[in-house]
Amino acid sequence: MNLNLSSDDEAFRTEVRAFLKTSLPKELSEKVRRFEGASKADYDFWHDKLNEKGWLAPNWPKRFGGAEWNAVQRHIFEEECAMANAPRVVPFGIAMLGPVLQKFGSDAQRDHWLPRILNGEDWWCQGYSEPGAGSDLAALRTSAVRDGDHYVVNGQKTWTTLGQHANMIFCLVRTDGDAKKQEGISFLLIDMTTPGVEIRPITLIDGTAEVNEVWFTDVRVPVANLVGEENKGWTYAKYLLTHERTNIVGIGFSRAGLAVVKRMANLAQSRGRPLIENPFFAARVAQVEMDLMAMAVTNLRMVFKAAAGQAPGVESSLLKIKGTQIRQEITDLARRAAGPHAMPFASEAVDGSNAPLPDPFDAGRVTGTYFNNRKLSIFGGSNEIQREIYSKHLMRDAK
Amino acid sequence: MNFELTEERQMLQDTLRRFLAGASGDVWQGLAELGVIGALFDEGQGGFGGTGFDLSVVFEELGRADLVIPLIDNALVPGRLLVAAGESVEELIGGSKRLAFAHTEVTARYDLHRVETTARADRLSGEKTIVIGAEDADVLLVSARHSGDADMTAGIGLWQIAKDAPGLITRGYDIAQGGRAAEVTLNNTPGTPILAEAYDAIAGAIAAGTLAQAAETLGAMETAIEMTRDYLGTRKQFGRSIGTFQALAHRLVDLMAELEQARSAVILGAANLEADSETRDRHLSVTKNILGRAGRLVAEDTIQMHGGIGMTQEYALGRYAKRIVMADHRFGDTDHHLEQFIALGR
């Protein structure tokens, strides 16, 4: 075994670092480091920068305008971006819909939608979960009824991340109410400016409103916007979820988070000394750093397997569980490090009654981020669902 | 031994629970009229309680309610300081006067003696941080150092400062658990001295605050767990209520075990509030450390078992979870009390 990257991969890492150094403005990376949340303009700016370089879609083939990197290169890129505190690439168009259209879409759909994802003409969001269909996604009830050249869509989606910025939503809809629940589902692309689409933000406990509810009332969607075959949407959805799950580990985010914790612990005082010298706190930091070092190797094992052409399998469930635990532990440490200064709290909906918040350790929204990151073990298939998936797989081979 | 509440405390609990169930807005005067503020002080001080078990009954009920009431910060802690200084708490008990204690400074973290605000001829200069309830207070009690350095417990005094005193600047903001705090700047601000050597009084008042905070957190944990039980009973996925999945049902049982540990930890703290300071502080470290650990687990697991709905501001569970987690940032966190327990242990 050899834990060193090849010289080509090291050269690639150097190239990515150089790009980040020249292209990522300091004020943007500071905003990300301080967990202040990127605006739509920030995301658009960063997507454009990456697109100019041809790096916006690492996972897409070159013929569709992607970088066509292998899994190792993608891993290096994601890690470097996270460590540099770059805004994340919004995954809905690039990481989720793109691969689905490339594999299951028609030529006309690919020609029309893929370039618009890259150039930012369309901002996509994901219409999967419903109030009654969370972990049990196949229980979804939003219906699409064929009427000539259109589907007429009625129902409600929820937890639609960044839907407030989106003009397009890809939805799972029920096209056959009589079929077994996974079998009557189709994958539909819906223009959110169509009459009958309504969106309302959901304020979360951290005060942000990054998720939304979306209602559909007699929304007419051209039949041309059906991806693949009618009633085969579950297959495409599962394909998409595999992509969602592999990106959820977030080694780079954890490393960046750990750097934030250490930075805070050098600035904060405990018993008249820097907090980082307090053995109780230092032990917590060390413990999670050890976990992260091992996790990074687990992740690389999966990455190299994927680079060798093997699709990410059921082990991605284990990666999600452990990866989210570590990320959550790190944001817990950041909150702890702030001590009493974890309390000052600005919600996104600032009403002007707040003085500038005291922030002596230059940490930004650590408490909000701790609460916000509870989502990591809930979304993308909750950790309970991952355990269910993996235990079925595990017990299948029991003697 | 007898773990039953006395008849008086049972009545106090029942009355308070009924009152809070229908309460909204500013409930301060209502609490005073019910005698809740009086329950925080003994008869000699004009109240009718004041022991650890009186506090735990009151604050556990406050914790169960979906309200943020700064009774610790605007009454209990500053009231105890007034008592220690030989001042009257009658107006406080009657509800006509509220106070706040401006003490913590940025470099102090959870240490009570790290005071660098200075007092020279009863004029105070310095920066106090995260003063909860400062905006609602009529008068501030402020700690300052007249001698010694930040590592010493001696040399810290207490002053009363009027809200309109010259050189006093208060800048308020929201805090994560609900309610408001403020940064308080003093620039040669005149104050009335009430206690020359105040460290023991501060430690005693903060001990009462620590117990109260723990009891309040216990109450919030009870409600969060009840809400989760009800959610597991009603929410259906895969054609059945999710409470029929063992993975979730067993997890809830684990939380119940933590809750009972937390309840006993609060009883332990309440029983030792009147003990000598070393015994008191060692037991309160048990209370606060256990509440810190159990609280985090309850907050995180009840959110997890609810799923997305547990993360929304509109649904009460998230508000309880925030109060539970943020309690660990007050009066010393889990690690601070682990460290203190070791330091005081033999």
Side-chain angles (χ1 to χ4, degrees), chain A residues 129 131-136 138-139 158-159 202-207 209 211 268-272 275 278-281 283-284 328 332 335-336 338-347 350-351 353-358 360-361 367-368 370-372 374-375 377-379 382-384 387-388, chain B residues 104 106-111 114 127 129-130 132 150-151 170-178 180-183 235-239 242 245 247-248 251 296 299-300 303-315 317-319 321-322 325-326 328-330 333-336 338-339 342:
Chain A
S129 297
S135 286
D136 185 9
T158 191
W159 313 125
I202 301 172
T203 303
L204 298 180
I205 47 177
D206 68 336
V211 289
Q269 296 275 305
S270 161
R271 316 265 187 211
L275 175 62
N278 178 304
F280 296 86
F281 191 79
R284 285 186 187 270
Q328 289 177 333
D332 176 75
R335 170 177 67 73
R336 259 175 224 283
H341 287 87
M343 288 188 262
F345 190 76
S347 72
V350 177
D351 61 1
S353 66
N354 282 334
L357 301 186
F361 319 126
T367 298
Y370 161 80
F371 284 111
N372 186 277
R374 304 317 310 162
K375 74 186 174 191
S377 47
I378 296 173
F379 69 15
S382 72
N383 286 14
E384 288 75 24
R387 290 185 182 102
E388 194 63 28
Chain B
T104 301
V106 165
T107 54
R109 196 169 172 86
Y110 300 116
D111 288 343
R114 269 176 217 288
E127 304 273 346
T129 190
I130 329 255
I132 297 181
D151 283 325
T170 304
R171 302 178 307 281
Y173 45 79
D174 296 335
I175 49 177
Q177 59 267 54
R180 309 259 299 165
E183 299 300 283
R235 170 73 172 173
K236 288 197 165 57
Q237 289 281 268
F238 305 101
I242 60 175
F245 291 100
L248 296 182
R251 208 159 163 179
R296 179 187 172 196
E300 293 182 354
I303 290 177
Q304 182 71 25
M305 284 191 266
H306 274 82
I309 192 77
M311 287 193 59
T312 62
Q313 186 60 28
E314 200 178 332
Y315 185 67
L317 180 86
R319 296 192 291 271
K322 279 202 282 190
V325 169
M326 297 319 291
D328 200 43
H329 294 266
R330 303 220 57 204
D333 67 4
T334 307
D335 288 354
H336 175 91
L338 180 61
E339 207 174 350
I342 293 168

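Chain letters run A, B, ... following the sequence lines, proteins first and then strands; every chain starts at 1. Keep in mind the model is a prediction, meaning the values are calculated, not measured. Quick note: numbers below take in every heavy atom, side chains included, and nothing from hydrogens, waters or symmetry partners.
Side-chain contact between A:I378 and B:I303: present, with at least one pair of heavy atoms (C-beta onward) separated by less than 4.5 Å. By the 4.5 Å heavy-atom criterion applied to side chains, B:Y173 and A:P356 are not counted as neighbours. Inter-residue side-chain proximity for B:R330 and A:M343 is flagged as met; some heavy-atom pair is nearer than 4.5 Å. Contact check for A:F345 versus B:R180: no side-chain heavy atoms found under the 4.5 Å cut-off. Residues B:Q313 and A:L204 have side chains not in contact (no heavy-atom distance under 4.5 Å, counting atoms from C-beta outward). With a 4.5 Å cut-off on side-chain heavy atoms, A:F371 and B:K322 count as touching. The shortest distance between side-chain heavy atoms of A:L357 and B:E183 does not fall below 4.5 Å.
Only the side chain of A:P360 has a heavy atom closer than 4.5 Å to any heavy atom of chain B. Only the side chain of B:R114 comes within less than 4.5 Å of a heavy atom of chain A; its backbone N, CA, C and O stay farther away. The parts of A:R335 that come within reach of chain B are both its backbone and its side chain, each placing non-hydrogen atoms under 4.5 angstrom from that chain. When heavy atoms are compared at a cutoff of 4.5 Å, A:I202 approaches chain B solely by way of its side chain, counted from C-beta outward. Neither the backbone nor the side chain of A:P279 has a heavy atom closer than 4.5 Å to any heavy atom of chain B. In this structure, chain B has no heavy atom under 4.5 Å from any part of A:A138. If you measure heavy-atom distances from B:D151 to chain A, you find no contacts under 4.5 Å at all.
When each of B:K236, B:R171, B:E300 is checked for heavy-atom pairs under 4.5 Å with chain A, B:E300 comes out on top. Between chain B and the residues A:N383, A:L275, A:N372, the largest count of heavy-atom pairs under 4.5 Å involves A:L275. Annotation: maximal heavy-atom pairing with chain A below 4.5 Å, among B:I242, B:I132, B:I130, occurs at B:I130. Options B:Y315, B:F245, B:Y110 differ in how many heavy-atom pairs under 4.5 Å they form with chain A, and the most are formed by B:Y110.
The main-chain N or O of B:G308 is never found under 3.5 Å from a side-chain atom of A:K375 such that the two would form a donor-acceptor pair. Side chain of B:Q304 to backbone of A:S377: a donor-acceptor contact under 3.5 angstrom is found. In this structure a side-chain-to-backbone donor-acceptor pair under 3.5 Å is present from B:H329 to A:G339. When atom types are taken as modelled, the side chain of B:Q237 and the backbone of A:A139 share no donor-acceptor pair closer than 3.5 angstrom.
For the atom pair CG of B:L338 and CZ of A:F280, the computed distance is 4.5 Å after rounding to the nearest 0.5 Å. Here CZ of A:F379 is found 9.0 Å from CE of B:M311. Values are rounded to the nearest 0.5 Å. Expressed to the nearest 0.5 Å, how far CZ of B:R109 lies from CG of A:N278 amounts to 7.5 Å. With rounding to the nearest 0.5 Å, the separation of CG in B:L248 from CD in A:E384 is 6.0 Å. Between the NE2 atom of A:H341 and the OG1 atom of B:T104 there is a distance of 8.5 Å, given to the nearest 0.5 Å.
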Could you give me the CA-CA distance, side-chain angles and deciding distance for A:R336 and B:D333, then say whether salt bridge (charged side-chain N to carboxylate O under 4.0 Å, His left out) is met?
CA-CA 8 Å; A:R336 259 175 224 283; B:D333 67 4; 5.1 Å; no
